[in-house]
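Below is one structure, written out as structure tokens, with a few remarks after it.
Chain A is the first sequence line, chain B the second, and so forth, proteins listed ahead of strands; every chain is numbered from 1.
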Amino acid sequence: MKTRHAATEPGPVFRIGLALLLFAITAGLALALLAEPVAPGVAGQVEAALGDSGAKNHVTAVLLNFRGYDTLLELAVLTSALVGVWALGVAPDIKETTPSPVLLGMNSVLIPLAPLFCAYLLWAGASRPGGAFQAGAVLAAAAVLYNISCRRPELRLPSAPLRPGIVIGLGVFIATGFGVMGGGRAFMEYPAGLAGGLILLIETAATLSIALILASLFVGGRPEGEP
Amino acid sequence: MNTGQALDLLLVLVLLWVAWAALSSRDLFRCIVLFIAFGLVLSMAWVRLGAPDVALAEAAIGAGLAGALLLATWARLPGKTEDSKLDAKGEDDED
Amino acid sequence: MSEWLAGAPWMMLAIMLPLSGALVAFLLPRHSALVGLGASLLTACAALVVMLQVAADGRQAYRLGGWPAPLGIELVADGLSVLMLAMTAVVGVAVSVYARVYLADSPDKVRRFWPLWLFLWAALNALFQAGDAFNLYVTLELMGLSAVALVALSGSGPALWGAMRYLLVSLLGSLSYLVGVALLYHAYGTLDLALLSERADGGLQLAVPLGAMIAGLLLKTGLFPFHVWLPPAHGSARAPVSALLSGLVVKASFYLLLRLWFTFTPEGQGVPLLLGSLGAAAIFWGSIQALRQKRLKLLVAYSTVAQLGYLFIAFPLAELEPALAWSGSVYLALSHAMAKGAMFLAAGSIMTQGGHDEIDELDRVVERMPLTLAAFALAGISLAGLPPSGGFVGKWMLLQAAMTQGSWFWALVIIVGGLLTATYVFRVLGFAFTKSPHEHERHDVPATMEWTALVLALGAVLLGFAAPWALPLLEGVLP
Amino acid sequence: MSSGILFACGGLGLLAIGIWALVLRAHLIRKVLAINVMGSGAFLLLVGAGSMGEAGVDPVPQAMVITGIVVAISATALALALVLRLANATGKPALPEDRERDLMDSEER
């Protein structure tokens with residue numbers, strides 16, 4: 001076994017060549033990094049426009065208002081990954097297992113806490129660290145914990161509301177973008193007074209979708225019976 | 001060099017070491033656990049860089065869910081005999 | 001009403017229509033074909049309106065969220081963007097019509113095809129109109145993931161590992177691009193391409209990130225010697241998917257490469273010469289591999305490797321004849337999209353008919369499906385660059401650019417590549433007229449499939465006549 | 001804050017480690033790990049370079065990194081689902097040209 005492997009493994013010449021190449025690439029990137037910047041970033045402009053953005057947290061303002069289009073496409077990436085995983089086949093099953101009592105005990109505390117923590121992150125995201133993606137991930141983590149500590153390992157989400165739940169985040173994002181367009185405003189140009197509320201609406205829907213998508217990605221395939 | 005910078009240097013070195021270990025260990029399970037540790041060290045780096053939002057996202061998604069996904073895939077690979085390791089190590093995603 | 005229509009933000013709609021269509025198609029799996037076809041037609045209309053607007057009024061921009069460029073993200077459409085949008089619309093509609101019939105035998109596959117394809121279309125349209133370096137990264141990833149999932153849709157072993165390798169290459173390419181974006185933002189403090197073009201002053205600060213971005217895009221475009229992932233992925237996917245990948249997806253990363261090149265107009269002759277040489281190597285290597293293939297779809301996939309090489313011949317020629325060389329390259333990309341799309345669709349019809357795609361077992365397929373063979377032959381005419389096809393216009397411009405500056409080497413490469421193309425096309429046609437010693441199963445092929453391929457191939461040939469209208473669009477875009 | 005440069009250089013190191021492993025490791029899960037390490041390197045470069053100046057913390061690179069993290073988990077999930085199908089179809093979690101190579105699996109030893 002060993003000898004056959006040895007014959008097909010990349011040889012020392014290849015490794016040395018690769019190491020030299022990587023050294024050259026890293027050195028080149030480092031040189032560009034150390035050069036004096038020509039112009040400062042847009043931090044100042046973010047600060048100046050923060051009042052109109054509907055969020056006090058700079059990062060949330062960038063993510064959901066100034067560069068909200070990036071975030072919209074990013075949700076599309078997440079959704080398309082799930083569609084791709086579902087297209088690959090039905091979820092593989094894990095063999096039934098007996099989880100440790102410690103895990104079960106911890107879960108009985110952690111899983112009920114997760115929605116609370118999620119709601120906090122979502123609400124805090126406007127002014128303090130937090131936001132839709134973190135909140136959605138926490139919710140998904142709770143689902144994953146439930147999934148692996150359950151005696152029946154399959155995450156039996158009822159399949160009928162699953163699809164609407166998966167698309168609602170992106171759907172609300174796009175619909176809000178169109179909805180604000182009256183009165184000469186552009187796509188996703190939130191009116192100053194409404195921006196805070198609209199961002200919270202988008203984030204809430206996104207949180208739900210992100211949680212469902214991440215949990216479904218963990219399941220690793222489409223539920224039995226889904227087309 | 002003040003204390004903060006010394007701490008940062010240490011953090012970067014640990015980060016590089018954990019990354020290297022996660023990619024070169026012979027035991028795939030160990031690799032994945034080290035990768036989760038890598039995500040947690042990285043989220044400390046985000047805190048040091050003044051990016052708490054990124055730190056939260058990294059810990060929850062980069063370390064937690066990615067780790068859970070990797071462990072689940074590892075456990076489902078054909079030729080596995082002990083599936084229980086998945087459950088034993090599943091707690092890593094509770095951040 | 002017409003005023004409102006003219007004032008509607010078509011650039012944004014060309015992205016949001018397919019995106020919404022993907023969501024609805026995913027939400028209503030039982031009606032996905034209907035939703036998908038409807039969304040395809042609407043998207044194509046939006047793209048064509050954007051083209052008409054740019055043809056009438058020149059460069060268009062749209063501020064998303066109403067924020068101006070360095071803070072927000074702007075969509076930008078100029079002549080190059082709209083030609084790509086139109087190419088995507090034409091090939092996209094043809095593939096949509098074809099796929100609805102082609103996949104009809106497996107309803108589940110139809111349901112999975114439409115959302116992914118509409119995500120891919122949204123990503124393509126977003127990429128062609130993006131004016132922001134980081135936004136381009138997100139569109140690249142959306143394009144990559146949906147394309148990979150489409151390859152894997154076929155479910156066969158080769159398709160799965162083709163998809164896996166494609167995914168790894170695609171991610172590596174995007175990450176390389178992202179490193180470039182990070183360094184650009186660090187140096188110039190903006191992500192907006194127009195502002196970057198003003199601020200970029202050359203030197204290491206520009207050369208290193210640009211190198212990283214170009215390297216990543218070459219990987220994704222599949223230029224020799226980075227092409228190894230391409231034939232397995234394109235050859236093993238279902239026929240409509242292969243048409244999309246070979247026709248459109250590789251063009252998108254090539255478009256981005258051109259866009260960066262035009263934005264930053266890097267100086268020096270070494271890189272253009274290197275790209276041109278790799279292009280020449282791709283032409284020869286791809287053609288020779290195509291000649292050696294036993295399976296029709298792999299032949300067509302290797303032909304893509306070869307034809308992509310032509311697009312890069314423009315880099316060394318643009319030194320002295322920028323207008324001719326770049327227009328030729330862009331025109332070749334357009335006509336290759338249509339011709340290669342038609343070829344893969346024809347190959348799909350042949351596979352449906354005979355249940356296989358062994359070239360030397362084609363068994364007088366011409367008698368049973370003359371339309372499909374006509375489509376294949378017409379597409380071959382455009383690929384080989386015979387008049388009056390779109391391929392002829394493109395190659396002729398490249399040839400002219402080479403001759404006027406006396407670069408006989410490049411002229412020779414262009415001519416020999418055309419001969420090699422003709423050879424592998426005729427090899428297929430020859431077997432299509434020959435009786436095979438073995439008996440094969442025969443299935444009926446719906447007329448829609450045959451006609452779609454034929455119309456697309458005719459389009460590739462007639463594209464030659466559109467040159468006087470299409471080429472002026474590029475004025476002001478080329479450096 | 002001069003630590004930015006430190007983290008940015010750390011990011012470059014992660015990129016190099018990631019490429020090294022991506023090329024040399026045959027097991028597909030290791031390749032996926034390598035891509036993720038590379039991605040983290042690119043993110044560290046983005047934020048690290050963004051906080052090198054005196055202007056304070058720039059939120060734009062941070063927003064880009066959050067976007068990047070979500071894109072990375074999407075790609076990872078798709079990749080892992082593919083790895084699993086591939087391993088079930090062919091018996092080995094490796095690309096065809098790497099099947100004979102040392103996958104560094106515990107049962108391979």
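- Of the listed residues (A:Ala87, A:Gly89, A:Gly177, A:Ala49), the greatest number of heavy-atom pairs within a distance under 4.5 Å of chain C belongs to A:Ala87.
- Looking at C:Tyr62, the atoms closer than 4.5 Å to chain A (heavy atoms on both sides) all sit in the side chain, from C-beta outward.
- No other option in A:Leu31, A:Leu33, A:Val62, A:Leu72 has as many heavy-atom pairs under 4.5 Å with chain C as A:Leu33.
- With chain A as partner, the option from C:Pro70, C:Ala152, C:Gly72 having the largest number of non-hydrogen pairs under 4.5 angstrom is C:Pro70.
- In terms of non-hydrogen atom pairs under 4.5 Å with chain A, the most contact-rich of C:Val138, C:Leu23, C:Val208, C:Leu145 is C:Leu23.
- Options C:Leu64, C:Leu142, C:Leu204, C:Leu71 differ in how many heavy-atom pairs under 4.5 Å they form with chain A, and the most are formed by C:Leu71.
- Aromatic ring centres of C:Phe26 and A:Trp86 lie closer together than 6.0 Å.
- For C:Leu118, no part sits under 4.5 Å from any heavy atom of chain A, backbone or side chain.
- For chain A, the nearby parts of C:Tyr188 are the backbone and the side chain; heavy atoms of each come within less than 4.5 Å.
- Contact annotation for C:Leu183: only side-chain heavy atoms (C-beta onward) come within less than 4.5 Å of a heavy atom of chain A.
- Residue contact with chain A, scored on non-hydrogen atoms closer than 4.5 Å, involves the side chain of C:Leu191 exclusively.
- For C:Leu160, the part sitting under 4.5 Å from any heavy atom of chain A is the side chain, from C-beta outward, and nothing else.
- Heavy-atom distances place the side chain of C:Pro9, and not its backbone, under 4.5 Å from chain A.
- Heavy-atom distances place no part of A:Leu34 under 4.5 Å from chain C, backbone and side chain included.
- Per-residue counts of heavy-atom pairs under 4.5 Å with chain C were compared for A:Ala186, A:Gly68, A:Ala81, A:Gly171; the largest is that of A:Ala186.
- For the set A:Leu73, A:Val180, A:Asp52, the entry with the most heavy-atom pairs within less than 4.5 Å of chain C is A:Leu73.
- Contacts between C:Leu75 and chain A at a heavy-atom distance below 4.5 Å involve the side chain alone, from C-beta outward.
- Using a 4.5 Å cut-off between heavy atoms, C:Leu28 makes no contact with chain A at all.
- When heavy atoms are compared at a cutoff of 4.5 Å, C:Val179 approaches chain A solely by way of its side chain, counted from C-beta outward.
- For A:Ile166, the part lying near chain C is the side chain, with the backbone staying farther off; criterion is any non-hydrogen pair under 4.5 Å.
- Neither the backbone nor the side chain of C:Ala207 comes within less than 4.5 Å of any heavy atom in chain A.
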